[in-house]
Amino acid sequence: MMPHLADGFTSPTFEYQLLAPMLIVFGGAIVGVLVEAFTPRGPRRTVQVALGLVTLVVAFVVLLAVTRPKLGDLAASGTVAIDGPAVFFQGTILVLALLSFLLFVERGVDSAGDAFTPSGATIPGSASERELVAARVSQTEVWPLALFSVGGMMLFVASNDLLTFFVALEVMSLPLYLLVGLARRRRLLSQEAALKYFLLGSFSSAFLLFGSAFLFGYSGSISFTGIYDSLSSGVGLDPLLLIGTGMVAIGLFFKVGAVPFHSWVPDVYQGAPTPVTAFMAAATKVAAFGAMLRIFYVALGDYDWNWRPMFWVVTILTIVVGSILAITQTDIKRMLAYSSVAQAGFILTGVTAASDSGLSSTMFYLVAYGFATIGAFALVTLVRDGTSEATHLSRWAGLGRRSPIIAAVLSLFLLSFAGIPLTSGFIGKFLVFEAAVNGGATPLVIVGAIFSAVAAFFYVRVIVLMYFSDPPDDAPSLALPGAATTLAVAVCAAGTVALGVVPGPVIDLAQEAAAFIR
Amino acid sequence: MNPENYLYLSSILFVIGAVGVLVRRNAIVVFMCIELMLNASNLAFVSFARLNGNIDGQVVAFFVMVVAAAEVVIGLAIIVTIFRTRRSASVDDPNLLKL
C-alpha cells in the first residue's frame, strides 16, 4: 500500500552553509539571465564577464571558508552529501571552470572578437550574421549557460540520491549541448558537433535513468544510503540490481568518454569552440568521475565483486583503443580528444581499485589532468590560419623555431599527458597504478604501462614535429595571447610543474578527503 | 492487474525507443524516440513505486517530466538551427567531422 502523505511527512531541512557554494553559482547564473534581459547591449558583456568570474571566486572562497570546516554531513534532507570527496571535487571544478572562463573572455586572438558566434540563431554565412559581426555583437548568453553547467557539476559530485543525481546530470549537460554549437569559426562543424553531442548525450542519459529505475526497484529507496543498506541486508531481486548497475554505468561511461561509448568525443571536441572544449574536457570529466566514484563506492560499495569485472573490460578497452586511435590522427584537437579518451582509461584504473587509495589517487589524477588539458587547448587557440585555428598537425611543424614559448609550454603539457617524471602526469599515473596493484588489478596496470609507452609515441611525435621539422612556407600566424589566456596558461603550466615536483600537499589533501559518508 | 505487467510494458517501450534512435534517420524522430525512452523510465519508476510501496518513485517521474521538457527546448533549438542551415533534419547529412 502507498503511505499517505499526512502519515509521515516531515518538512525538509536545508543546511545552507553546506549548500552555499552551489547556491551562489546557481544564483549567479540566474542573475546572469536577468542581466541578459535588462542590461543594454553596450555594457552587457562586461557585466556578464565580471558576474561570471566574481561568482566563481566567491563560491570558491565560501567553499573553503564556510563549507570545508563543516564537511562530513548530509544536507538537504540527505539528498546531497557534503563530504571530503564532494568538497575536493567541487573545489577542483571551480578552479578549472575559472581557468576556462579566462579563455572564454579572450578577445585578442581572433580579430573579430571572442571564440563565440555573435548570434547562434543566424544562418552561417548569411547577411544578418555579417551585420552582427560588423557590429561586434557578442553572444553573452554563454556566461549564464556556463555557470548553470558549473552548478550542475558541483551538484553532480555531491548528489546522494538517484533523483538529484539525474537532475544534476541534466543541469550539467543541457547548457553544454548549446555551448558546443556556438563557435564563431567553422560554424557548420560546430552545429554538427552540437547535434551529435545532444542526441548521443540524451540517449545515454535515458539509459542512466532506466538503470536508476531498476536500482530503485531493487532497493525500494532512491537514496544511495538506502541502496547500500538493502545490498548489505540482501533483500531484493538480483536481476534488477544487475540491470540497474549496468545501465547506470553505461550512462556514466558515456559522460567520461570511455570505450565503447567514446565515439562522440573526437567529433565534439573538434567541433566545439576551443575554450568550451577545454571546459568540457577538464571540468566535465572531473564531475562525471566524481559522480561515478560516489555511486559505485557508496551505493554499490558492497557490490564491487560484480561491477569490477565490467570496469576491467572497459578500462582495458579505453586505454588500448584511445592510445591506438590517437596515433592515426592528423588534427591536433582530435588527437587531444583521443588522448583524453586514453586518459579516461588511466583514471578508470584508479576507480577499479575500489579502495580508499583508489579514490585519492583518482582525485589527484583528475586535478593533474585538468590543468594540463586546459593549458593544451588554450595553446591550440593561438596558432591560426588567417581567421580560424590551424588545427592540422602539419601546420604545427617547426613551431619551436617560430615561437619557442608556445612550443615549450605545449611540450610540457604533452609530456605530462605521457607521464614523464617531474610532471604532474607521472605522479598521477604512479598513484593510480599503485592503487590498482594494491587493489588486485595488476593486469590492468601492465596494460596501462605498455600503452603509456604507445601513448608517449604520439605525444612525443608532436614535440618532434615542432622542434625538428621545417615550418611550412605559408606558416600559420601566431596570435599574441591577451592577459586572460596568458594567465590561464601560466597557471596551468605552474600547476603541472608544481604537482610533478612537490605533489605532497595535494596528495595529502586528497588522502585526507578520501572518505565518503553514507 | 499485476503491476509487474507495467514493468514489462516499460521495458518494451524502452527497447522500441532505443531501436528507433539507432535506425531512424530524421533528427526529430530520433529525438522523439529518446523521449519515449525517458517516458518508459518514468513508467518503470511508477511501477516500482507501486511494487515497493514507496512514493519516491512517483516524485522522480514528475522531475523527469520537467527535465524532459527542458531537454525538448534545447534539442529543438539545435535541430531547428541545423535545419535552417542545411534545409534537412536528417542525421546522415551533417558529416563533416571525421578522421
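Both backbone and side-chain heavy atoms feed into the values below; hydrogens, waters and symmetry mates do not. Residue numbering restarts at 1 for every chain, and letters A, B, ... go by the order of the sequence lines.
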- Task: Name the region of B:S47, side chain, backbone, both or neither, that has any atom closer than 4.5 Å to a heavy atom of chain A.
- Result: neither
- Which bit of B:L36 comes within less than 4.5 Å of chain A, counting heavy atoms only: side chain, backbone, both or neither? neither
- Interchain contact, B:V60 with chain A, by part (heavy-atom threshold 4.5 Å): both
- Query: Contact part of A:F216 toward chain B, heavy-atom cut-off under 4.5 Å: side chain, backbone, both or neither?
  - Reply: both
- Message: Just so I understand: if I count every heavy-atom pair under 4.5 Å between each of A:F210, A:F203, A:F166 and chain B, which residue has the most?
- Response: A:F210
- Message: Between A:L162 and chain B, with a heavy-atom cut-off of 4.5 Å, which part of the residue counts as in contact: side chain, backbone, both or neither?
- Response: neither
- Message: Does any backbone or side-chain atom of B:I78 lie under 4.5 Å from a heavy atom of chain A? Answer side chain, backbone, both or neither.
- Response: side chain
- Under the 3.5 angstrom rule, does the side chain of B:N39 hit a backbone N or O of B:N42 as a donor-acceptor pair? no
- Query: Hey, would you say the A:F214 and B:F48 ring centroids sit under 6.0 Å apart?
  - Reply: yes
- Contact part of B:F45 toward chain A, heavy-atom cut-off under 4.5 Å: side chain, backbone, both or neither? both
- Item | Under 3.5 Å side-chain donor-acceptor pair for A:S219 and A:S221 | no
- Checking side-chain hydrogen bond (donor to acceptor under 3.5 Å, both in side chains) against A:T122, which of A:R130, A:R187, A:E129 comes through? A:R187
- Measure the spacing between OG of A:S212 and CG of A:D161 and express it to the nearest 0.5 Å. 10.0 Å
- Note on the structure: Between A:A272 and A:K333 the two heavy atoms that sit nearest each other are O-NZ, 3.0 Å
- So which of B:V67, B:V30, B:V73 has the largest heavy-atom pair count under 4.5 angstrom toward chain A? B:V67
- Message: Does any backbone or side-chain atom of A:E170 lie under 4.5 Å from a heavy atom of chain B? Answer side chain, backbone, both or neither.
- Response: side chain
- Task: Kindly state whether the ring of A:F207 and the ring of A:F254 have centres lying under 6.0 angstrom apart.
- Result: no
- Interchain contact, A:M335 with chain B, by part (heavy-atom threshold 4.5 Å): neither
- Item | A:F198 portion near chain B, given a 4.5 angstrom heavy-atom threshold | side chain
- Item | Region of B:A68 in contact with chain A, defined by heavy-atom distances below 4.5 Å | neither
- Message: Tell me whether B:R24 at atom CZ has more than 12 heavy atoms from other residues, nucleotides or ligands lying less than 6.0 Å away.
- Response: no
- Message: Can you tell me which of B:G75, B:G17, B:A77 forms the most heavy-atom pairs within a distance under 4.5 Å of chain A?
- Response: B:G75
- Task: Would you name the heavy atoms of A:S205 and A:Y177 that are closest together and state the gap between them?
- Result: OG-OH, 4.4 Å
